[in-house]
Every structure is written in structure tokens, then in C-alpha cells.
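All residue numbers refer to positions in the sequence shown, counting from 1.
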Amino acid sequence: MPLAQTHSRPSSVTDHRTASNGMLWRVNGAAVLARGANMIPMEELEGRLSGPAHRQLVKSAADGSFNTLRVWGGGMFLPDAFYDAADEFGVMLYHDMQYAQ
């Protein structure tokens with residue numbers, strides 16, 4: 001899924017440009033404005049939070065009209081429940097390369 005960034009002001013949501021260097025995705029050729037947040041680990045120790053807690057986080061993002069979550073690459077590997085919830089609630093994931101730095 002290509003990421004587009006430009007310096008121009010958009011004329012519509014389907015335009016390929018975004019205001020102030022924003023981000024949009026192209027999904028099956030259609031422009032989708034990315035609205036979301038950065039996902040960092042909810043707990044420092046892996047395994048202390050259950051699948052339902054991760055599901056609730058994604059549901060809250062979707063309920064808040066987010067359509068994108070960026071998964072920070074310096075954190076931990078998230079449980080399958082997180083990815084399943086993103087699929088269920090239609091939240092796109094921008095996943096950094098894990099531990100790339």
C-alpha cells in the first residue's frame with residue numbers, strides 16, 4: 001500500500017495531495033486520509049496485558065474515528081488479538097520494522 005506525501009492543499013478527499021505534509025493511503029486506487037495515532041506498548045513487560053485489552057484499545061481507536069494506528073518498531077511484538085481487532089474494526093496498521101535501529 002503506497003504512502004503519498006505532498007506539500008499541496010487537497011481539493012477533495014479523493015485528491016492525491018494532503019495539507020501540511022499529511023499522510024494518505026491508496027487502497028485499491030482510492031485515496032484514504034490517514035487519521036490515527038502512534039501505538040506504543042501499553043505495558044513495559046510483555047504478556048502482562050491480555051488479548052481483550054488490546055482489542056479494547058483498537059475498538060476505542062475505531063470509535064474515535066481513527067482509521068490508522070502506527071505500531072512503533074522499538075516496542076514489543078503485539079499479540080494476535082491486536083491484529084485481529086484491527087482487521088475486525090477496519091483499522092489500517094502502519095508497522096515499523098521491529099527493532100530496526
Side-chain angles (χ1 to χ4, degrees):
M1 179 174 349
L3 174 68
Q5 293 184 328
T6 67
H7 297 278
S8 304
R9 187 162 187 79
S11 60
S12 72
V13 174
T14 58
D15 198 338
H16 71 280
R17 297 170 287 165
T18 63
S20 64
N21 300 325
M23 289 178 26
L24 62 86
W25 305 105
R26 288 219 174 264
V27 179
N28 296 328
V32 178
L33 183 63
R35 297 178 316 272
N38 186 33
M39 171 61 191
I40 60 172
M42 297 187 296
E43 174 60 57
E44 291 178 9
L45 299 174
E46 194 168 353
R48 286 181 46 169
L49 286 176
S50 64
H54 286 89
R55 184 181 186 283
Q56 181 60 47
L57 183 136
V58 176
K59 182 181 182 317
S60 294
D63 289 347
S65 298
F66 288 10
N67 66 1
T68 304
L69 287 174
R70 173 186 173 245
V71 179
W72 178 53
M76 61 182 68
F77 292 101
L78 297 170
D80 288 343
F82 174 80
Y83 299 99
D84 293 342
D87 187 42
E88 177 183 348
F89 295 112
V91 175
M92 297 179 288
L93 299 177
Y94 177 125
H95 210 299
D96 285 353
M97 210 90 141
Q98 231 28 22
Y99 310 112
Q101 297 175 345

Discussion item. Are I40 and V58 linked, directly or through intermediate hydrophobic residues, by side-chain heavy-atom contacts shorter than 4.5 Å (ILVMFWY only)?
Written reply: no

Discussion item. Quick one, S60 and F66 - any side-chain contact, counting heavy atoms below 4.5 Å?
Written reply: no

Worksheet item: If you measure from CG on L49 to CE on M42, what distance do you get to the nearest 0.5 Å?
Response: 4.5 Å

Item to complete: Output the distance between atom CG (D84) and atom CZ (R55), rounded to the nearest 0.5 Å.
Response: 10.0 Å

Worksheet entry | Euclidean distance, Q56 CD relative to D63 CG, rounded to 0.5 Å | 7.5 Å

Item to complete: Kindly give the heavy-atom pair with the smallest separation between L57 and F82, and that separation in Å.
Response: CD2-CE1, 4.2 Å

Discussion item. With clusters defined by side-chain heavy atoms of hydrophobic residues (ILVMFWY) lying less than 4.5 Å apart, directly or transitively, does M39 cluster with W72?
Written reply: no

Discussion item. Working to the nearest 0.5 angstrom, can you tell me the gap between D87 CG and M92 CE?
Written reply: 12.5 Å

Worksheet entry | In one Ile/Leu/Val/Met/Phe/Trp/Tyr side-chain cluster, 4.5 Å: F89, L69 | yes

Worksheet item: Where do A62 and V91 come nearest, in terms of heavy atoms and distance?
Response: CB-CG2, 4.0 Å

Worksheet entry | Aromatic plane relationship, Y83 with H95 - under 30° parallel, 30 to 60° tilted, over 60° perpendicular | parallel

Worksheet item: Looking only at atom types and distance, does a side-chain atom of N67 sit under 3.5 Å from a main-chain N or O of L33, one as donor and one as acceptor?
Response: yes

